[in-house]
Amino acid sequence: MRPLDEAETTQVFEKLFKFTGNNLKNLVDSPSHEGPDQNPGRYCFRLHKNRVYYVSESLVKRATNVKRENLVAMGTNIGKFTKSGKFHLTIQALNLLAANAKHKVWLKPTSEMSFLYGNDVVKGGLGRITDNINAYDGVVVFSMSDLPLGFGIAAKSTQDCRKMDPNGLVVIRQADTGEYLRNQDDL
């Protein structure tokens, strides 16, 4: 377990900024409420076995008592670095992204299951969409009852979505909560 170096921090923050925009400041400056300490500190990002964790400073202090090879995980796993050195967000980051999302998409109840089975979002399944989404912006996908379902990349801008046919692609899925069942061994 170690702090992220400059290049790793840049990759993580660029990916998070794609989904949160200026709300990234809320993640970085958020005070921690975990731990028995009177002042548990803030949340920070730590790297352990190519996985990035969002963890409170008080928990990091306690984790130093555990050998590195015995430490399995700590805090919230928000992503991982691939063997080629690229950073990918994982589904465990959904709660952080949903609370600080800049762009949101809501699905109709009929298309929720299709999304949770790993399919992309088409215009026919779109319930609502926030304004000012540009193509290739990061979006968080919600159900109509504001339950976060996953996240992905906008294939079209908001204006283009309003003009397209019902089978047109709106959101390219990157992760959804169905991964908890499909990829149990890898998470």
> In Å, rounded to the nearest 0.5 Å, how long is the span from OG1 of T177 to CZ of F151?
Replying inline: 11.0 Å

> Are I78 and V12 side-chain neighbours, meaning at least one heavy-atom pair lies under 4.5 Å?
Replying inline: yes

> Just by modelled atom types, is the A73 backbone N or O under 3.5 Å from a matching donor or acceptor in the H48 side chain?
Replying inline: no

> How about V141 and P148: do any of their side-chain heavy atoms sit closer than 4.5 Å?
Replying inline: no

>> If you compare all heavy atoms of K123 against all heavy atoms of D165, which two are closest, and at what distance to 0.1 Å?
In response: CB-O, 3.4 Å

>> For L116 versus R182, what's the shortest heavy-atom pair and its separation?
In response: O-NH1, 2.6 Å

>> Any non-hydrogen side-chain atom of V170 less than 4.5 Å from a side-chain atom of M164?
In response: yes

>> Once rounded to the nearest 0.5 Å, what's the spacing between atom CG of L169 and atom CD1 of I153?
In response: 12.0 Å

>> Tell me whether E57 is salt-bridged to R62, with the criterion being a basic N under 4.0 Å from an acidic carboxylate O.
In response: no

>> Return the CG to CZ distance between L147 and F142, rounded to the nearest 0.5 Å.
In response: 9.0 Å

>> If the threshold is 4.0 Å, N to carboxylate O, is there a salt bridge linking E8 and R2?
In response: yes

> What's the verdict on salt bridge (Lys or Arg N to Asp or Glu O under 4.0 Å) for E179 and R173, showing C-alpha distance, side-chain angles and the deciding distance?
Replying inline: CA-CA 12 Å; E179 287 183 20; R173 183 198 70 83; 3.1 Å; yes

> Sub-3.5 Å donor-acceptor pair from the side chain of S111 to the main-chain atoms of G125, do we have one?
Replying inline: yes

> Under 30°, 30 to 60°, or over 60°: which ring-plane class applies to F87 and F81, parallel, tilted or perpendicular?
Replying inline: tilted

Below 3.5 Å, can you tabulate the donor-acceptor pairs from side chains in residues 95-105 to any protein atom, sequence neighbours excluded?
from: N100; atom 1: ND2; to: L96; atom 2: O; distance (Å): 3.0
from: H103; atom 1: NE2; to: D137; atom 2: OD2; distance (Å): 3.4

>> For the CG atom of L24 and the CG atom of N26, what is their distance to the nearest 0.5 Å?
In response: 8.5 Å

> How many angstroms lie between NE2 in H88 and NZ in K86, if you round to the nearest 0.5 Å?
Replying inline: 7.0 Å

> Is there a donor-acceptor pair under 3.5 Å between the side chain of R128 and the backbone N or O of K108?
Replying inline: no

>> To the closest 0.5 Å, what do you measure between OG (S56) and CE (M74)?
In response: 9.5 Å

> Which one of I91, V52, V55, T90 satisfies the side chain to side chain contact (heavy atoms under 4.5 Å, CB included) criterion with N77?
Replying inline: T90

>> Would you say the ring centers of Y53 and F45 fall short of 6.0 Å from each other?
In response: no

> Taking all non-hydrogen atoms of both residues, which atom of E112 and which atom of L149 are closest, and how far apart?
Replying inline: CG-CD1, 3.9 Å

>> Please check: side-chain N/O of R46 versus main-chain N/O of M1, any donor-acceptor pairing under 3.5 Å?
In response: no

>> Check whether Y54 reaches the backbone of L27 with its side chain - one donor and one acceptor, N or O, closer than 3.5 Å.
In response: yes

> What is the minimum heavy-atom distance between M144 and P109, and which atoms define it?
Replying inline: CG-CD, 4.2 Å

>> Tell me every residue that passes salt bridge (charged side-chain N to carboxylate O under 4.0 Å, His left out) with R162, counting only those two or more places apart in sequence or in another chain.
In response: D131

>> Any non-hydrogen side-chain atom of D146 less than 4.5 Å from a side-chain atom of W106?
In response: yes

> What is the minimum heavy-atom distance between G150 and L94, and which atoms define it?
Replying inline: O-CD1, 3.6 Å

